[in-house]
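Since the structure is predicted, the reported quantities are computational estimates derived from the model, not experimental observations. Computed over heavy atoms, backbone and side chain alike; hydrogens, waters and symmetry mates excluded. One is the number of the first residue; the rest follow in order along the sequence. All ligand and atom numbering here is 1-based and tracks the order in the structure.
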Amino acid sequence: MDEKECIVLGIETSCDETAVAVVKNGRDIVSNVISSQIQLHQRYGGVVPEIASRKHVENINVVIEQALEEACITWDEIDVIGVTYGPGLVGALLVGLSTAKALAYALDKPLVGVHHIEGHIAANYLAHQQLKPPYICLVVSGGHSHIVHVKGYHHFEVLGQTRDDAAGEAFDKVARVIGLGYPGGPLIDKIAKQGQKDAIHFPRVSFQDGSLDFSFSGVKTSVLNYIHRLDQKGETYNQADIAASFQQAVVEVLVKNTIQAAKQTGLEKIALAGGVAANSELREVFSTQAPAEELTVYYPTKVLCTDNAAMIASAAYYRYVAGYTYAMDLNAVPSLSLSES
Ligand code: KG4
Ligand code: ZN
């Protein structure tokens with residue numbers, strides 16, 4: 001293999017997207033296929049694990065073939081198989097992992113296991129060719145809200161995290177109670193543009209001990225109480241105002257703690273990652289506040305913020321070139337922590 005050319009096939013099935021991508025040298029996307037199951041889960045108001053696993057089984061081979069076809073490459077040209085092995089839904093993870101192991105074994109190619117959050121962080125390497133550690137990364141998704149000191153491509157220190165709900169989970173729950181549907185984040189983002197950010201004051205939680213942790217269950221409960229109060233008085237509520245005011249409360253805390261983390265560590269770069277990083281208000285507030293603090297903000301394109309396999313292939317590349325190899329007994333770890341991976 002040419003030292004400078006390494007092609008990774010990435011596989012991601014940790015939740016409700018069956019995704020396969022081909023990435024060159026950890027930075028260049030050759031193909032990135034995402035088969036979303038959102039429509040299937042919408043009627044249940046959230047992801048149903050058994051349905052997710054079954055759909056992954058049905059989709060995975062088709063998505064792999066499409067990723068190879070779009071990349072115009074053959075199996076011989078793939079150097080490494082990268083796959084998410086945690087955290088996530090165990091049945092869903094196992095579909096991607098078993099497929100990756102079967103491919104690695106049959107093709108005699110190295111297998112690299114990737115932590116899903118490490119993948120989200122790596123999405124920034126695909127969007128910003130010059131970006132290198134160290135930097136601060138705010139990882140905000142449906143299951144995670146972490147402020148991470150990215151010390152190296154696979155060397156992380158978690159500086160803050162949620163003590164209850166993840167940011168995306170709060171978006172999804174609030175969207176449900178105000179009748180917007182699932183998934184809530186993009187719907188709140190859209191309707192908030194027609195609302196007043198300061199119409200209703202929802203709480204912004206910060207901890208007295210100087211911790212960079214988050215808590216989003218209070219803001220969610222506060223939205224619920226607000227709606228109940230109006231219901232009891234027989235009054236209607238304004239969806240757009242609630243969405244804009246809730247979004248503002250969450251965004252303010254995310255931005256404040258992340259900028260604080262950059263100041264504490266003396267780092268000048270901040271990257272955003274995960275589904276909530278697609279939020280337009282979050283991007284907007286970071287883009288105005290970070291330069292005022294002499295910080296540079298990086299964020300991936302929206303399609304690379306939400307779950308995809310290109311980010312997994314990028315993270316797998318950096319693990320592979322650092323010498324990490326994974327045996328055929330690699331198992332899915334539903335609650336894998338970032339420091340264990
Ligand atoms: O990273 P992701 O695709 O999956 C997980 O790893 O969880 O993130 C999905 C989460 C969902 O909670 C979704 O509502 C949220 O990201 N999300 C957004 C936006 N787009 C997706 N939240 C706020 N604004 C958005 N534009
Ligand atoms: Zn994710």
Side-chain angles (χ1 to χ4, degrees), residues 10-19 21 32 34-38 41-42 45-47 49 52 83-89 92-93 96 114-124 137-146 148 161-162 165-178 180-193 195 214 216 219-220 243-244 246-255 271-286 299-312 314-315 334-336 338 341:
I11 300 179
E12 155 64 41
T13 62
S14 67
C15 192
D16 60 344
E17 329 278 356
T18 317
N32 187 22
I34 304 165
S35 168
S36 173
Q37 304 176 6
I38 282 180
H41 300 280
Q42 246 159 4
V47 177
V83 63
T84 310
Y85 73 105
L89 303 169
L93 285 165
V114 173
H115 189 290
H116 185 72
I117 298 289
E118 187 171 327
H120 273 301
I121 294 170
N124 283 285
C137 189
L138 172 69
V139 189
V140 267
S141 70
H144 311 271
S145 302
H146 284 33
V148 183
Q161 57 190 305
T162 184
D165 293 352
E169 198 179 346
F171 269 93
D172 293 337
K173 286 180 179 166
V174 166
R176 197 179 313 153
V177 297
I178 63 172
L180 287 176
Y182 174 85
L187 299 167
I188 288 193
D189 193 350
K190 193 167 168 216
I191 200 171
K193 295 190 192 334
F214 302 112
F216 296 115
V219 62
K220 176 197 70 190
F246 158 77
Q247 181 173 269
Q248 189 63 18
V250 172
V251 164
E252 262 182 36
V253 180
L254 291 175
V255 173
L272 312 183
V276 183
N279 185 267
S280 33
E281 183 66 17
L282 183 71
R283 289 166 176 242
E284 174 72 32
V285 175
F286 261 118
Y299 41 79
T301 54
K302 291 191 178 181
V303 73
L304 292 177
C305 285
T306 46
D307 289 349
N308 66 85
M311 67 185 197
I312 302 302
S314 172
S335 55
L336 184 66
L338 199 53
S341 63

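Annotation: K190, atom NZ; neighbour count of heavy atoms from other residues, nucleotides and ligands within 6.0 Å does not exceed 12.
Panel note: side chain H115, backbone L336; a donor-acceptor pair is recorded below 3.5 Å. Between the side chain of R283 and the backbone N or O of Y299 there is no donor-acceptor pair closer than 3.5 Å. Within the 3.5 Å criterion, the main-chain N or O of Y182 finds a donor-acceptor partner in the side chain of Q42. Remark: side-chain polar atoms of D189 are paired, donor with acceptor, to backbone N or O of S280 under 3.5 angstrom.
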Legend entry - V139 and I121: CA distance, side-chain angles, deciding distance, side chain to side chain contact (heavy atoms under 4.5 Å, CB included) verdict: CA-CA 7 Å; V139 189; I121 294 170; 3.8 Å; yes

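Look at C15 and the Zn ion (ligand 2): no N/O/S atom of the residue is under 2.8 Å from the metal.
The distance from ligand 1 to the heavy atoms of T306 drops below 4.0 Å at these ligand atoms: 3 (O). Close contacts of ligand 1 with G143, meaning ligand atoms under 4.0 Å from a residue heavy atom, involve 7 (O).
In this comparison of G168, G142, A192, G46, the heavy atom closest to atom 7 (O) of ligand 1 sits on G142. Counting only non-hydrogen atoms, the option in Q247, E12, H120 that gets closest to atom 1 (O) of ligand 1 is H120. Remark: among candidates S280, G275, G274, the nearest residue to atom 19 (C) of ligand 1 is G275, based on non-hydrogen atoms. The option from P183, A277, S141 that lies nearest to atom 5 (C) of ligand 1, judged by heavy atoms, is S141.
The Zn ion (ligand 2) forms the vertex of an angle spanning NE2 of H120 and OD1 of D307; to the nearest 10 degrees it equals 100°.
With a heavy-atom cut-off of 4.0 Å, K302 does not touch ligand 1 at all. Contacts between D189 and ligand 1, counted as non-hydrogen atom pairs separated by less than 4.0 Å, involve the side chain only. The part of D172 lying near ligand 1 is the side chain, judged by heavy-atom distances below 4.0 Å.
Side-chain atoms of H116 and E12 include a donor-acceptor pair closer than 3.5 Å.
Of all N, O or S atoms in H116, the one lying closest to the Zn ion (ligand 2) is NE2.
By the 4.5 Å heavy-atom criterion applied to side chains, L272 and V140 are not counted as neighbours. Annotation: side chain of F171 is in contact with side chain of N279 (closest heavy-atom distance under 4.5 Å). Counting heavy atoms from C-beta outward, F216 and V174 have side chains that stay 4.5 Å or more apart.
In terms of polar-atom proximity, defined here as any N/O pair under 3.5 Å, G185 does make such a contact with ligand 1. Any N or O atom pair closer than 3.5 Å counts here, and E169 shares no such pair with ligand 1.
Regarding atom 2 (P) of ligand 1, its nearest protein heavy-atom neighbour is D307 OD1, 3.4 Å. With hydrogens left out, the protein atom closest to atom 24 (N) of ligand 1 is N279 ND2, 3.0 Å, a heavy atom. Closest to atom 6 (O) of ligand 1, if we only count protein heavy atoms, is H116 NE2, 3.1 Å.
Minimum interatomic distance between A52 and C15 (heavy atoms only, all atoms of both residues): CB-O, 3.8 Å.
Heavy-atom separations between P186 and ligand 1 include at least one value shorter than 4.0 Å.
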